Amino acid sequence: LNFNNMSNLNELSKIKKNSLKNNIKNTLYNNNKESIILNEFIKENLNHDGSVKYIIKIISYYSKNENNQIIKIKCFELLLELIKNLSKNHIIANITNILLFLQENITTFKIHISFEILLSKLNDEIELKIFEILNGFCIINMKKPHHITKKEALLCYQSLIKNYENFINNNNKNNIINSFLDTLIQILLNKNYNFEDRYLLLIIANDIICLAKEKCENFVENILYSVIE
């Protein structure tokens with residue numbers, strides 16, 4: 001997956017871009033210690049795809065370039081509020097940019113909270129390719145060597161497993177369950193990936209087994225051997 005494929009932002013005027021920059025900067029750098037809230041100007045721009053992409057780009061810039069931890073926290077809170085206020089269609093249109101932000105902050109913040117909220121916004125049928133993007137995000141990060149990254153990716157994957165019936169149509173469910181089973185065998189129960197949180201790993205394995213039911217028959221020997229080990 002290429003999470004760096006940012007859409008063309010030239011459709012926004014310089015005036016609109018500067019207004020968005022100033023509003024986001026004021027939101028991040030004000031002295032208010034309470035939780036971040038979106039001001040009316042930002043909210044008004046959430047129905048325009050180009051504006052949403054630009055807002056995420058600005059938040060990502062401050063998150064990557066600001067050394068002040070308080071500002072970094074505010075960037076994360078601001079993205080969280082953004083996700084809560086976006087429509088399903090705008091979530092889908094900006095899914096790779098949102099996931100890129102989460103991936104860049106996976107060792108610093110509990111990104112699985114944002115991922116869970118993201119899934120809750122997709123509470124109806126989505127295209128298979130959107131599921132594949134979400135699934136790919138989890139798998140890529142589960143394969144990373146950093147233990148915090150693995151843990152957050154596991155928690156995201158657990159949410160994906162538990163929520164998939166809310167947004168996957170019946171035509172794709174068999175393919176999705178087979179995908180979960182393949183991941184269980186190839187990654188989750190593979191000693192080479194060295195997951196520290198074995199308890200969480202077994203819970204996720206159990207979730208997949210309960211979901212797959214009789215489809216596990218062809219995997220029983222491998223699953224049982226790995227779990228016993």
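Nothing here was measured: the structure is a model prediction, and the numbers come from that model. Computation of the quantities below employed the complete heavy-atom set of this structure, encompassing side-chain atoms and omitting hydrogens, waters and symmetry-equivalent molecules.
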Do you know which two heavy atoms are closest between Lys72 and Asn67, and how far apart they sit?
-> CE-CA, 4.5 Å

Are Thr96 and Phe137 close enough, and set up right, to give a side chain to side chain contact (heavy atoms under 4.5 Å, CB included), and what steps lead you there?
-> CA-CA 9 Å; Thr96 54; Phe137 170 81; over 6 Å; no

Do side-chain atoms of Asn169 reach the backbone of Asn172 as a donor and acceptor pair under 3.5 angstrom?
-> yes

Please answer whether the main-chain N or O of Asn23 pairs with a side-chain N or O of Thr27 as donor and acceptor at a distance below 3.5 Å.
-> yes

Of all the heavy-atom pairs spanning Ile148 and Ile106, show the shortest one and how long it is.
-> CG2-O, 3.8 Å

For the side chain of Ser63 and the backbone of Ser60, is there at least one donor-acceptor N/O pair under 3.5 Å apart?
-> no

Lys21 side chain vs Ile58 backbone, donor-acceptor pair below 3.5 Å = no

Residues forming a side-chain contact (heavy atoms from CB on, under 4.5 Å) with Asn68, sequence neighbours excluded = Glu66, Ile70, Ile71

Give the other cluster members for Tyr199, using side-chain heavy-atom distances under 4.5 Å between Ile, Leu, Val, Met, Phe, Trp and Tyr residues; answer none if it is isolated.
-> Ile203

What distance separates Ile130 CD1 from Asn135 CG, expressed to the nearest 0.5 Å?
-> 12.5 Å

All heavy atoms of Phe180 vs all of Ile208, minimum pair found to be O-CD1, 3.7 Å

What is the distance from atom NZ of Lys88 to atom CG of Leu122, rounded to the nearest 0.5 Å?
-> 6.5 Å

Under the salt bridge (Lys or Arg N to Asp or Glu O under 4.0 Å) criterion, do Lys74 and Glu77 qualify, and how do the steps go?
-> CA-CA 5 Å; Lys74 285 187 173 185; Glu77 290 177 348; over 6 Å; no

Could you walk me through whether Leu46 and His90 pass the side chain to side chain contact (heavy atoms under 4.5 Å, CB included) check?
-> CA-CA 8 Å; Leu46 297 186; His90 281 113; over 6 Å; no

Under 3.5 Å, is there a donor-acceptor pair between the side chain of Lys144 and the main chain of Lys150?
-> no

If only atom types and distance count, is the side chain of Asn206 paired as donor or acceptor with the main-chain N or O of Leu202 below 3.5 Å?
-> no

Approximate separation, where rounding is to 0.5 Å, of Ile56 CD1 and Leu100 CG | 9.5 Å

Starting at NZ of Lys43, measure out to CD of Glu81 and round the result to the nearest 0.5 Å.
-> 8.5 Å

Residues Leu119 and Leu134: closest non-hydrogen pair is CD2-CD1, 3.8 Å

Working for side chain to side chain contact (heavy atoms under 4.5 Å, CB included), residues Asn190 and Tyr193 = CA-CA 6 Å; Asn190 188 327; Tyr193 289 108; 3.7 Å; yes

Hey, does the side chain of Asp197 reach the backbone of Leu200 with a donor-acceptor pair shorter than 3.5 angstrom?
-> yes

Before giving the answer on side chain to side chain contact (heavy atoms under 4.5 Å, CB included), spell out for Phe109 and Ser114 the whole-Å C-alpha distance, their side-chain angles and the decisive distance to 0.1 Å.
-> CA-CA 10 Å; Phe109 300 109; Ser114 300; over 6 Å; no

Using atom types as modelled, flag every donor-acceptor pair under 3.5 Å from a side chain in residues 155-163 to any protein atom, sequence neighbours excluded.
from   : atom 1 : to     : atom 2 : distance (Å)
Tyr157 : OH     : Thr183 : OG1    : 3.3
Ser159 : OG     : Glu116 : OE1    : 2.6
Ser159 : OG     : Leu155 : O      : 3.2
Asn163 : OD1    : Asn166 : ND2    : 3.4
Asn163 : ND2    : Glu116 : OE2    : 3.3
Asn163 : ND2    : Ser159 : O      : 2.8

Could you please spell out the steps behind the side-chain hydrogen bond (donor to acceptor under 3.5 Å, both in side chains) verdict for Asn45 and Lys16?
-> CA-CA 9 Å; Asn45 280 277; Lys16 175 63 69 67; 3.2 Å; yes

Between Lys64 and Glu104, is a salt bridge (Lys or Arg N to Asp or Glu O under 4.0 Å) present by the stated rule, with each step listed?
-> CA-CA 8 Å; Lys64 284 188 284 191; Glu104 289 171 344; 3.6 Å; yes

Leu86 CG to Ile92 CD1 distance, which is reported to the nearest 0.5 Å = 11.5 Å

Looking only at atom types and distance, does a side-chain atom of His112 sit under 3.5 Å from a main-chain N or O of Phe115, one as donor and one as acceptor?
-> no

Return yes if some donor-acceptor pair links the side-chain N/O of Asn39 with the main-chain N/O of Ile42 below 3.5 Å, else return no.
-> yes

Nearest non-hydrogen partners of Ile126 and Phe131, listed with the distance | CD1-N, 3.8 Å

Kindly confirm or rule out a cation-pi arrangement of Lys17 over Tyr54, judged by NZ or CZ under 6.0 Å from the six-membered ring centre and within 45° of its axis?
-> yes

